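Owing to the predicted nature of the structure, the values given are computational and were not obtained by experimental measurement. Just follow the structure's listing: the first ligand is 1, and inside any ligand the first atom is 1. When reading the values below, keep in mind they use all heavy atoms of this one structure, side chains included, and skip hydrogens, waters and symmetry mates.
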Amino acid sequence: MGAQGPDQVVIVGGGTAGWMTASYLKAAFEDRISITLVESGKIGTIGVGEATFSDIRHFFEFLNLREEDWMPACNATYKLAVRFQDWRRPGHHFYHPFEQLRSVNGFPLTDWWLNGGPGERFDQDCFVMASLCDAGRSPRYLDGTLLDQEARAVTDEPSGLTMSEHQGKTQFPYAYHFEAALLAKYLAAYAVDRGVRHIVDEVQDVRLDSRGWIDHIVTKEHGEIRGDLYIDCTGFRGVLLNKALEVPFMSYQDTLPNDSAVALQVPLDMKKLGVRPYTTATAQRAGWIWTIPLFGRIGTGYVYAKDYCTPEEAERTLREFVGPEAESVEANHIRMRIGRSAQSWKNNCVAVGLSSGFVEPLESTGIFFIHHAIEQLVKYFPAADWNPKTRDMYNAAVAHVMDGVREFLAVHYRSAARDDTQYWKDAKTRPVPDALEERLERWKAQLPDSENIFPYYHGLPPYSYMCILLGMGGIPLRSSPAVGLSDDTAAQKEFQAIRGKAQHLVDALPTHYDYFAEMRS
Ligand code: FAD
């Protein structure tokens with residue numbers, strides 16, 4: 001233990017969580033801490049987390065990594081939105097874009113849209129990004145210049161802020177898709193280069209001292225490994241936090257029943273087919289299918305509830321959805337642990353990643369949880385006295401993020417108009433947290449705003465809730481009476497400006513494929 005506090009860190013697990021944590025802590029503290037990362041050569045990583053939140057840019061910024069360097073190495077592409085396909089009815093789609101919602105005379109544009117928007121689609125009328133997604137455009141010009149986002153605060157300049165400090169200030173116009181295994185490899189090289197000791201071995205035992213704190217871990221071939229602070233990145237196994245320290249896991253499954261997935265990695269001719277600049281979530285009979293376009297292949301998978309669908313049926317549905325390209329591709333069946341650990345930090349052990357908590361990847365929140373946890377760990381890094389208040393504040397922040405996202409996902413299912421199978425019928429009556437039940441009633445009277453969504457930071461601003469409610473179509477919404485009584489000239493002008501801007505950008509920006517072909521040339 002150093003004079004400042006724990007300076008010997010042992011990370012167990014070499015998936016996205018392990019390597020993101022190792023590289024971030026090295027970037028933060030350099031050689032003032034020593035880090036050992038132990039990962040099993042036999043137990044694989046989950047390997048499917050490939051779509052992100054726009055805030056992930058602060059992670060790469062913190063590590064001083066440039067897109068031109070890491071993106072080609074990870075077959076990465078841009079993500080402007082999540083496209084929800086068939087959630088309202090077959091053939092219907094809408095986008096949840098990375099774009100702040102404009103307001104006119106103190107009311108969000110969606111309020112004016114409900115009162116008499118120019119078209120049928122709120123996403124196209126209120127956001128520029130929906131048109132760019134439909135047209136398959138890159139958010140950057142071929143010379144790398146970022147599209148002229150109306151939000152003047154959006155620039156390429158590093159902000160020096162963490163993502164939670166950034167919340168509400170600006171909305172960067174895109175996130176990334178990347179190959180999970182390649183990103184872990186890239187970050188591993190970054191971390192090892194900066195002095196992280198990498199051990200490939202299996203942790204067989206975790207020994208506690210008389211207080212119940214971790215004293216050391218026992219590996220198969222490298223014997224005992226000791227540290228001050230242990231970080232559990234062992235995925236759904238939760239080897240340190242859940243197993244050794246016996247922290248219980250709190251399931252969210254009453255609200256979110258999807259507990260299984262089957263995934264495929266399908267190589268495609270992107271030159272011929274193009275690369276979509278968004279993640280797609282396509283509703284199915286007992287869940288939904290994700291499609292994540294990378295440079296050279298798609299990652300796709302069916303997330304379903306096993307109470308409504310067998311693994312065989314899910315795999316068959318997924319293969320039919322993808323088509324002949326999937327024929328020779330092996331399927332990966334995954335059981336998901338949905339919920340969170342009661343505490344993510346106990347004694348001298350902090351869980352980051354799937355060991356801490358997870359919800360189905362409908363809004364790509366897994367890597368966001370990891371990023372958030374690491375930022376909080378740096379913020380609340382323990383001192384020599386291990387003040388329990390620091391740990392409590394960390395645990396509260398992590399729990400709020402996951403509980404908030406749980407609510408946000410529950411809103412998707414409650415508000416989806418689709419009701420053609422038992423799964424979708426049951427989605428309308430499944431229990432949700434009491435506070436959400438009340439919020440849903442309020443949103444029928446007034447669109448969501450910062451005063452009436454989940455009250456703690458969870459990465460999702462009010463406009464995200466509006467997109468889901470307006471897009472899913474199953475909950476009656478109305479505009480504020482004041483909007484109906486007001487002159488709407490300024491709002492109509494704003495709609496026109498958005499349409500003009502979208503047309504200009506669709507004409508001027510390169511296709512998403514062309515942008516990456518150029519970057520890689
Ligand atoms: P894992 O990848 O499971 O890694 C666990 C590590 O621990 C491995 O290195 C393993 O070897 C090691 N380990 C385990 N036991 C031991 C032991 N005894 N000794 C030594 N080492 C051990 N997130 C997103 O942000 N976007 C998405 O689109 C997305 N899609 C997903 C789809 C599905 C179906 C699932 C299940 C998850 C998805 N996620 C997504 C979440 C994302 O995949 C994870 O958050 C992310 O990969 C982090 O995983 P991890 O590192 O915690 O665990």
Side-chain angles (χ1 to χ4, degrees), residues 10-22 36-53 55-56 59 79 82 175-181 183-185 187-188 198-206 217-222 225 231-244 258-264 279-281 287-294 299-304 314 318 332-338 341 344 351-374 402 405 459:
V10 175
I11 298 173
V12 184
T16 307
W19 286 116
M20 278 181 73
T21 307
T36 302
L37 185 146
V38 187
E39 68 170 315
S40 160
K42 292 209 181 92
I43 304 169
T45 61
I46 201 97
V48 279
E50 304 194 319
T52 56
F53 253 40
D55 295 314
I56 189 76
F59 176 83
K79 169 183 171 186
V82 179
Y176 304 109
H177 302 121
F178 47 65
E179 253 190 62
L183 183 78
K185 201 169 141 200
L187 294 179
H198 182 198
I199 295 176
V200 179
D201 202 346
E202 201 163 315
V203 173
Q204 292 190 312
D205 199 5
V206 179
I217 55 175
V218 183
T219 60
K220 208 167 170 183
E221 286 159 17
H222 292 75
I225 297 174
I231 304 190
D232 183 344
C233 297
T234 59
F236 288 135
R237 286 180 168 77
V239 175
L240 277 62
L241 188 84
N242 302 122
K243 295 218 174 93
N258 292 342
D259 55 1
S260 309
V262 51
L264 296 169
T279 305
T280 306
W288 58 277
I289 289 178
W290 79 79
T291 308
I292 298 177
L294 304 170
T300 183
Y302 187 0
V303 172
Y304 62 97
L318 180 63
N332 175 16
H333 286 268
I334 300 164
R335 282 295 309 280
M336 305 187 301
R337 188 176 76 154
I338 303 296
S341 294
S344 289
V352 176
L354 299 173
S355 50
S356 163
F358 175 65
V359 294
E360 63 183 86
L362 187 53
E363 290 280 356
S364 318
T365 43
I367 293 164
F368 161 67
F369 287 164
I370 296 170
H371 182 192
H372 175 259
I374 303 169
M402 294 192 195
V405 170

Just to confirm my output: which protein heavy-atom neighbour is closest to atom 30 (N) of ligand 1, and how far is it?
P361 CB, 3.2 Å
OG-CG distance between S341 and D232, expressed to the nearest 0.5 angstrom:
8.0 Å
Who's closest to atom 41 (C) of ligand 1 heavy-atom-wise, of F358, F368, F369?
F358
Could you identify the single nearest non-hydrogen protein atom to atom 33 (C) of ligand 1 and state the distance to 0.1 Å?
V48 CG2, 3.4 Å
Counting only heavy atoms closer than 4.0 Å, does ligand 1 sit against the backbone of I370, its side chain, both, or neither?
side chain
Between F53 and F368, what is the ring plane arrangement, given parallel below 30°, perpendicular above 60°, and tilted in between?
parallel
Below 6.0 angstrom between ring centroids: does that apply to F178 and Y176?
no
Report the C-alpha distance between M336 and V303 in whole Å, list the side-chain angles of each, state the deciding distance to 0.1 Å, and finish with yes or no for side-chain contact (heavy atoms from CB on, under 4.5 Å).
CA-CA 9 Å; M336 305 187 301; V303 172; 3.8 Å; yes
Working for side-chain contact (heavy atoms from CB on, under 4.5 Å), residues T36 and I199
CA-CA 7 Å; T36 302; I199 295 176; 3.8 Å; yes
Please test M402 against V359 for side-chain contact (heavy atoms from CB on, under 4.5 Å), starting from the C-alpha separation and ending with a verdict.
CA-CA 8 Å; M402 294 192 195; V359 294; 5.9 Å; no
Which is it for S40 and ligand 1 at heavy atoms under 4.0 Å: side chain, backbone, both or neither?
both
For ligand 1, the portion of E50 having any non-hydrogen atom under 4.0 Å away:
backbone
For atom 9 (O) of ligand 1, grab the closest protein heavy atom and report residue, atom and distance to one decimal in Å.
G14 N, 2.9 Å
If you measure from atom 16 (C) of ligand 1 to every heavy atom of I43, V38, I217, which option wins on shortest distance?
I43
Of the side chain and backbone of F53, name the one, both, or neither that has a heavy atom under 4.0 Å from an atom of ligand 1.
neither
Please report the interatomic distance CZ(F369) to OG(S344), rounded to the nearest 0.5 Å.
10.0 Å
Hey, looking at atom 53 (O) of ligand 1, which of G47, G235, G353 has the closest heavy atom?
G235
Any idea which protein heavy atom is nearest atom 25 (O) of ligand 1, and the distance to it?
I367 N, 2.7 Å
Hey, is C233 touching ligand 1 through its side chain, its backbone, both or neither, going by heavy atoms under 4.0 Å?
backbone
I need the minimum non-hydrogen distance between I46 and N332, along with the two atoms involved.
O-ND2, 4.1 Å
Using heavy-atom distances only, which candidate in A351, G49, A51 approaches atom 26 (N) of ligand 1 most closely?
A51
With a 4.0 Å heavy-atom cut-off (strictly under), which part of A17 contacts ligand 1: side chain, backbone, both or neither?
both
With a 4.0 Å cut-off on heavy atoms, is D201 touching ligand 1?
yes
Residue and atom name of the nearest protein heavy atom (relative to atom 17 (C) of ligand 1), distance in Å to one decimal:
V203 N, 3.8 Å
By number and element, which atoms of ligand 1 are closer than 4.0 Å to a non-hydrogen atom of A261?
34 (C)
Rounded to the nearest 0.5 Å, what separates atom OG1 in T219 from atom CD in E202?
10.0 Å
Chi angles and distances behind the side-chain contact (heavy atoms from CB on, under 4.5 Å) call for N242, F236
CA-CA 9 Å; N242 302 122; F236 288 135; over 6 Å; no
What atoms of ligand 1 come within less than 4.0 Å of a heavy atom belonging to S364?
25 (O), 26 (N)
Assess the side chains of T279 and H177: does a donor N or O sit below 3.5 Å from an acceptor N or O?
yes
Nitrogen or oxygen atoms of G366 and ligand 1 under 3.5 Å apart:
yes
Counting only heavy atoms closer than 4.0 Å, does ligand 1 sit against the backbone of I292, its side chain, both, or neither?
side chain
So, regarding I46 and ligand 1 (criterion: nitrogen or oxygen to nitrogen or oxygen, under 3.5 Å), is there a contact or not?
yes
From the candidates T234, I11, N332, L354, the one that places a heavy atom nearest atom 49 (O) of ligand 1
L354
Measuring from atom OH of Y304 to atom CD of E360, what distance do you get when rounded to the nearest 0.5 angstrom?
13.0 Å
